[in-house]
Amino acid sequence: MTVTIALVYQSLLGVYGDRGNSIVLLQRLRRRGLDAELVVCEPGDTIPPDAQVYLLGGGEDLAQISAVKALKADGNLFRGLDAGGVLLAVCAGFQICGTSFTVGENDEVHEGLGLLDVSTRRGPTRAVGEILTEWTLPDGDTSLITGFENHGGYTTLGKDAKPLARVEKGIGNDGRGFEGAVQGKIIGTYPHGPVLARNPALADHLLELALGHELDPLPMSSVATLRTERISAIRG
Ligand code: GLN
């Protein structure tokens, strides 16, 4: 079986280097001897309806409106998720998965994809800087997530979405201590970095969700060293 990773709309949601998440997933599969392919889709291309992992990245406010329109017109992201696909949505990608988000100085409200029970409104100050959070995995273990946040929108979770992690440093969803959202096999989160390069445990969690089984560990000393450096730099 070939695992398909669909990288969606880089021309709209590719501003913050989040395409690196796709490379991390591909490499972590291939280094374990698994077949994996990357499908890069732009508006107008047909998104694969049967990918195992879909990726949305960060982008500017106006691009979010175009992305929602194109994703609704295509429809295959919805089909792929109904069929059991996993979605990682970062920053602008996270915001558009919600029920609504605001754009511009006048805070125009736009309808989102409705995949996550979250909504986003412009916050009092832009959240810019390193972020460190503590993520509790489904088995109860915890792992630190590091990244770089840069967003003006503040996100509120409804009852169907659970926070991904607790904030140790940074703003996160809205400055009130939580970061990201999880709902079924959809994970929304603010950190760039790319987040999966900085946090391989999150990459493997997504792959295990997508494949439905555990993966062998894949220790990489250079990644571990970088992580330790990042964490101590943020903690000061
Ligand atoms: N435009 C959104 C905001 O500022 C998302 C920014 C981003 O993707 N980094 O909230």
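Inter-residue side-chain proximity for N150 and R126 is flagged as met; some heavy-atom pair is nearer than 4.5 Å. At a threshold of 4.5 Å between non-hydrogen side-chain atoms, the residues I187 and H205 count as touching. With a 4.5 Å cut-off on side-chain heavy atoms, D45 and P43 do not count as touching. For the pair K69 and I65, the minimum side-chain heavy-atom distance is 4.5 Å or more. At a threshold of 4.5 Å between non-hydrogen side-chain atoms, the residues L157 and P163 count as touching. Between T99 and E111, every side-chain heavy-atom pair lies at or beyond the 4.5 Å cut-off. The closest side-chain heavy-atom distance from R166 to F178 is below 4.5 Å.
Closest approach of V223 and A197 over heavy atoms only: CG1-O, 4.0 Å. Summarising the geometry of D160 relative to Q183, their closest heavy-atom pair is O-CG, 3.4 Å, with the distance given to 0.1 Å. For the pair P191 and G147, the tightest heavy-atom approach, listed with the atom from each and the gap, is CB-CA, 3.8 Å. For the residue pair F148 and I131, the shortest heavy atom distance occurs at N-CG2, 4.2 Å. Smallest separation of non-hydrogen atoms from R19 and L7: CB-CD2, 3.8 Å. Across G180 and N173, no two heavy atoms sit closer than the pair N-OD1, 2.7 Å.
Of the possible donor and acceptor atoms, none in the side chain of D61 sits under 3.5 Å from a partner among the backbone N and O of V103. Judged purely by atom type and a 3.5 angstrom limit, D174 has no side-chain atom pairing as donor or acceptor with the backbone of T156. No donor-acceptor pair under 3.5 Å is formed between the side chain of K185 and the backbone N or O of L87. Formation of a donor-acceptor pair under 3.5 Å by the R122 side chain with backbone atoms of Y154 is not found in this model. Between the N21 side chain and the D18 main chain, a donor and an acceptor come within less than 3.5 Å of each other. With hydrogens and angles disregarded, a donor-acceptor distance shorter than 3.5 Å links the side chain of E149 to the backbone of G172. Judged by distance alone, the side chain of D141 and the main-chain N or O of L137 form no donor-acceptor pair under 3.5 Å. Judged by distance alone, with hydrogens and angles left aside, the side-chain atoms of S100 form no donor-acceptor pair with the main-chain N or O of V109 at under 3.5 Å. Panel note: side chain E108, backbone T102; no donor-acceptor pair is recorded below 3.5 Å. Of the possible polar contacts, none joining the N199 side chain to the A201 backbone as a donor-acceptor pair under 3.5 Å is found.
Hydrophobic clustering (side-chain heavy atoms under 4.5 Å, transitive across Ile, Leu, Val, Met, Phe, Trp, Tyr) groups I5 together with L202. Side-chain heavy atoms closer than 4.5 Å link hydrophobic residues (I, L, V, M, F, W, Y) into clusters, and following such links, even through other members, never connects L88 to L115. Under the 4.5 Å side-chain heavy-atom criterion for ILVMFWY residues, no single connected hydrophobic cluster contains both L13 and V40. Residues L12 and V39 do not share a hydrophobic cluster, defined by chaining ILVMFWY side chains whose heavy atoms lie under 4.5 Å apart. Note on L71 and V15: separate hydrophobic clusters, where clusters join Ile, Leu, Val, Met, Phe, Trp and Tyr whose side-chain heavy atoms are under 4.5 Å apart, directly or indirectly.
Between C91 atom SG and I96 atom CD1 the span is 11.0 Å, to the nearest 0.5 Å. Remark: T155 OG1 to L116 CG distance equals 10.0 Å, nearest 0.5 Å. Taking CG of L144 as the reference point, atom CD1 of I234 lies at 9.0 Å (rounded to 0.5 Å). Once rounded to the nearest 0.5 Å, the distance linking CZ of R28 with CG of L34 reads 12.0 Å. Between the SG atom of C41 and the CG atom of D74 there is a distance of 8.0 Å, given to the nearest 0.5 Å. Here CG of L113 is found 5.5 Å from SG of C97. Values are rounded to the nearest 0.5 Å.
A salt bridge between R32 and D204 is present, with a side-chain N of the basic residue lying under 4.0 Å from a carboxylate O of the acidic one.
For the residue pair Q95/Q64, the side-chain donor-acceptor check at 3.5 Å is satisfied. Judged by distance alone, the side chains of T133 and E179 never bring a donor and an acceptor atom under 3.5 Å apart. Counted by atom type alone, T146 and R198 present one or more donor-acceptor pairs between their side chains at under 3.5 Å.
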Could you list the donor-acceptor pairs under 3.5 angstrom formed between side-chain atoms of residues 46-59 and any protein atom two or more places apart in sequence or on another chain?
residue	atom	partner	partner atom	Å
Q52	OE1	T4	N	2.7
Y54	OH	P48	O	2.6
Y54	OH	A51	N	3.2

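Among residues two or more places apart in sequence or in another chain, the side chain to side chain contact (heavy atoms under 4.5 Å, CB included) test is passed with T142 by E134, T136. Applying the ring pair (Phe, Tyr, Trp, His ring centres under 6.0 Å) criterion to F94, with sequence neighbours excluded, gives Y190. Under the ring pair (Phe, Tyr, Trp, His ring centres under 6.0 Å) criterion, Y9 pairs with no residue at all, not counting sequence neighbours.
No more than 12 heavy atoms of other residues, nucleotides or ligands lie within 6.0 Å of CZ in R176, so this atom counts as exposed by the packing criterion. Within 6.0 Å of atom NZ in K72, more than 12 heavy atoms from other residues, nucleotides or ligands are found, so the atom counts as buried in its surroundings. Taking a 6.0 Å sphere around CG of D107, one finds it holds more than 12 heavy atoms contributed by other residues, nucleotides or ligands. Annotation for L62: atom CG does not count as buried by contact number, only 12 or fewer foreign heavy atoms lying within 6.0 Å.
Within the structure, every pair that satisfies the ring pair (Phe, Tyr, Trp, His ring centres under 6.0 Å) test and touches residues 16-46, not counting sequence neighbours, is listed here: Y16-H192. Screening residues 211-228 for salt bridge (Lys or Arg N to Asp or Glu O under 4.0 Å), with sequence neighbours left out, gives no hits.
Under the side chain to side chain contact (heavy atoms under 4.5 Å, CB included) test applied with Q27, the options I23, V24, L29 reduce to a single match, I23.
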Subject >> From CA spacing to verdict: side chain to side chain contact (heavy atoms under 4.5 Å, CB included), D35, M1 >> reply: CA-CA 7 Å; D35 275 338; M1 172 199 170; over 6 Å; no
**OP:** Before giving the answer on side chain to side chain contact (heavy atoms under 4.5 Å, CB included), spell out for L209 and L207 the whole-Å C-alpha distance, their side-chain angles and the decisive distance to 0.1 Å.
**Re:** CA-CA 5 Å; L209 264 184; L207 293 174; over 6 Å; no
**OP:** Determine, step by step, whether I145 and V195 satisfy the side chain to side chain contact (heavy atoms under 4.5 Å, CB included) criterion, reporting the C-alpha distance in whole Å, the side-chain angles of both residues, the deciding distance to 0.1 Å, and the verdict.
**Re:** CA-CA 8 Å; I145 293 179; V195 68; 4.0 Å; yes
Original post:
side chain to side chain contact (heavy atoms under 4.5 Å, CB included) between V8 and L77: does it pass, once the steps are laid out?
Top reply: CA-CA 9 Å; V8 179; L77 175 62; 5.5 Å; no
**OP:** Take E37 and T2 through the test side-chain hydrogen bond (donor to acceptor under 3.5 Å, both in side chains) and record every step on the way to the result.
**Re:** CA-CA 7 Å; E37 62 167 1; T2 301; over 6 Å; no
